Amino acid sequence: MPSCVTIRMTVNGKAVERTVEPRQTLVDFLRDELGLTGTHVGCEHGVCGACSVLLDGQPVRSCCMFAVQADGLQVTTVEGLAPARGRLSTLQDAFCEAHALQCGYCTPGMLVACHALLERNPHPGEAQIREAIGGNLCRCTGYQQIVDAVKLASSQELCHD
Amino acid sequence: MKAAPFDYLRADSLEQALHELARHGGDAKLIAGGQSLVPMMAMRLARPSVLVDIHRLAELRGWQVAGDAVRLRAASRQCEVEADAGLAGAVPLLRAALRWVGHQQTRNRGTVGGSLVHADPAAELPLAAAVLQARLHLRSERTERCVDAADFALGPMFTTLADDECLVAIDWPTWSVGEGEVLRCEFDETAIRHGDFAMASVAVQLVLDASGVCRRAAIGLGGVDATPLAFPDLAAQLHGRRIDASSAAEVAQAAAARCQPGSDMHADAEYRRHLGAALLQRALLRAAGEPVAGAAF
Ligand code: FES
Ligand code: FES
């Protein structure tokens, strides 16, 4: 029986430590060990992007890595994008305003991918937005409202607080 | 869709990683970015009993100039290579190819060496390596060797890498460009969606002199055979000639005729061969600065 490994990482600013089986993926670790079920798991083999999280600030697919590989690193999930409990980030607010979600399955991954884009490039063009969400599948919206939401978030219109 | 159990070890040095590989025989596997290996383990197409993690080894990251080549260490991440302007200046085809590799989320983890070792016949980096005649440095506890990209890939997901070997660095030849000459490269592909594996892909690199005559050329096609194919003899036919619709079509047809593509639900062999020829002709014209509209395909 393979041995379990004790890992430590920072998730949404909080230090966590758990002992896990090496085969546990990062997404299962976040959802099952930490109860952070905002990150969705769709295909489990790197196709849909629903499981996207930020690893040391960069978007990655959390189904395509084992939790042990994130030992010592910083993870931000969709729960960590909001400024405070019960509040929305500008981008999340824009998603609501622009109807950028229907069933919501892809939304955590979309938010993470678009958040990373805006951090890098606060005023992306349409092509850059589409490129940034190129690794995320949405079966509902047809993507147009998601692109609109990112444009809205990058404009000044939503700065109401 | 969950990986079978395994033991995990994060190597502190390349030496330790090589030692673990030697100790466990074929049961151990190296993991770097894991963007191909983790899905394969999830689908249980791969079932290593030990995973040796080399992703954080500083000795396997970064690059330097080595003679007439850039020596890129194998665990350099695709995102780092893509963002490196110095590297893009020295080996522009590398950045041109990387643009087509997966998505930002996968390039943030995936490594250049990992893609070469995985050896998907439709993958972009193995095609770039074949076209530029890159040389791969392999190391194990017992030996060290250097293999040409053309001899490294043996078939789909199948290379000459032994169970105890690690790809440590790749030499990407840099082309010298004379007075008044320009270096041009093109990478293009057709896929169902951007970021998916290509039905057919093409890589072209040219040196053109001041009057637009081709002085040096390298061409290749991916996704249309068991391994990416480079065509140095056909490329040599372009030397000393101007690349126009007819010379590009002639070379593209000859290259496509040599491919043995497979068929699947997305494209049959004949269509893939046609795509290969069309992509190659267009890439040559684009690289040469010639109009693509009105070309034969
Ligand atoms: S669940 Fe990770 S990419 Fe689909
Ligand atoms: S909102 Fe349903 S998948 Fe995107």
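Convention: sequence-line order gives letters A, B, ...; per-chain numbering from 1. Remember, predicted model here, so these are calculated numbers, not experimental data.
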Pick one of side chain, backbone, both or neither for A:Glu131, based on which atoms fall under 4.5 Å of a heavy atom in chain B.
side chain
Nearest 0.5 Å please: distance from the CD atom of B:Gln105 over to the OG atom of A:Ser62.
10.5 Å
Is it the side chain or the backbone of B:Asn108 that comes within 4.5 Å of chain A heavy atoms, both, or neither?
both
Scanning both residues in full, the closest heavy-atom pair of A:Pro59 with B:Gln104 reads CG-OE1, 3.6 Å
side-chain contact (heavy atoms from CB on, under 4.5 Å) between A:Gln58 and B:Cys79: does it pass, once the steps are laid out?
CA-CA 10 Å; A:Gln58 293 181 313; B:Cys79 62; 4.0 Å; yes
Using non-hydrogen atoms only, which part of A:Asp56 is less than 4.5 Å away from chain B: side chain, backbone, both, or neither?
neither
So what's closer than 4.5 Å to chain A heavy atoms on B:Ala42: side chain, backbone, both or neither?
side chain
Roughly how far apart are A:Glu21 CD and B:Asp7 CG, rounded to 0.5 Å?
10.5 Å
A:Pro22 and B:Tyr8: which non-hydrogen atoms are nearest, and at how many Å?
CB-CB, 3.7 Å
Pick one of side chain, backbone, both or neither for B:Leu51, based on which atoms fall under 4.5 Å of a heavy atom in chain A.
side chain
What do you reckon, is CD of B:Glu15 surrounded by more than 12 foreign heavy atoms closer than 6.0 Å?
no
Residue part contacting chain B, namely of A:Cys4, when any heavy atom lies under 4.5 Å
neither
Chain B heavy atoms under 4.5 Å from A:Leu54: which part of the residue, side chain, backbone, both or neither?
neither
Run the side-chain contact (heavy atoms from CB on, under 4.5 Å) check on B:Lys2 and A:Glu44 step by step: do they pass?
CA-CA 8 Å; B:Lys2 305 285 179 193; A:Glu44 285 195 294; 2.6 Å; yes
Below 4.5 Å, heavy-atom pairs only: which of A:Val68, A:Val47, A:Thr25 has the largest tally toward chain B?
A:Val68
Stepwise, does the side-chain contact (heavy atoms from CB on, under 4.5 Å) test hold for B:His55 with A:Gln69?
CA-CA 9 Å; B:His55 203 211; A:Gln69 294 175 277; 5.6 Å; no
Against chain B, residues from residues 103-117 of chain A with at least one heavy atom under 4.5 Å, in numeric order, are A:Ala113
Note, B:Arg56 side chain near A:Leu73 side chain (heavy atom, < 4.5 Å):
yes
B:Met41 versus chain A, the contacting section by heavy-atom distance below 4.5 Å:
side chain
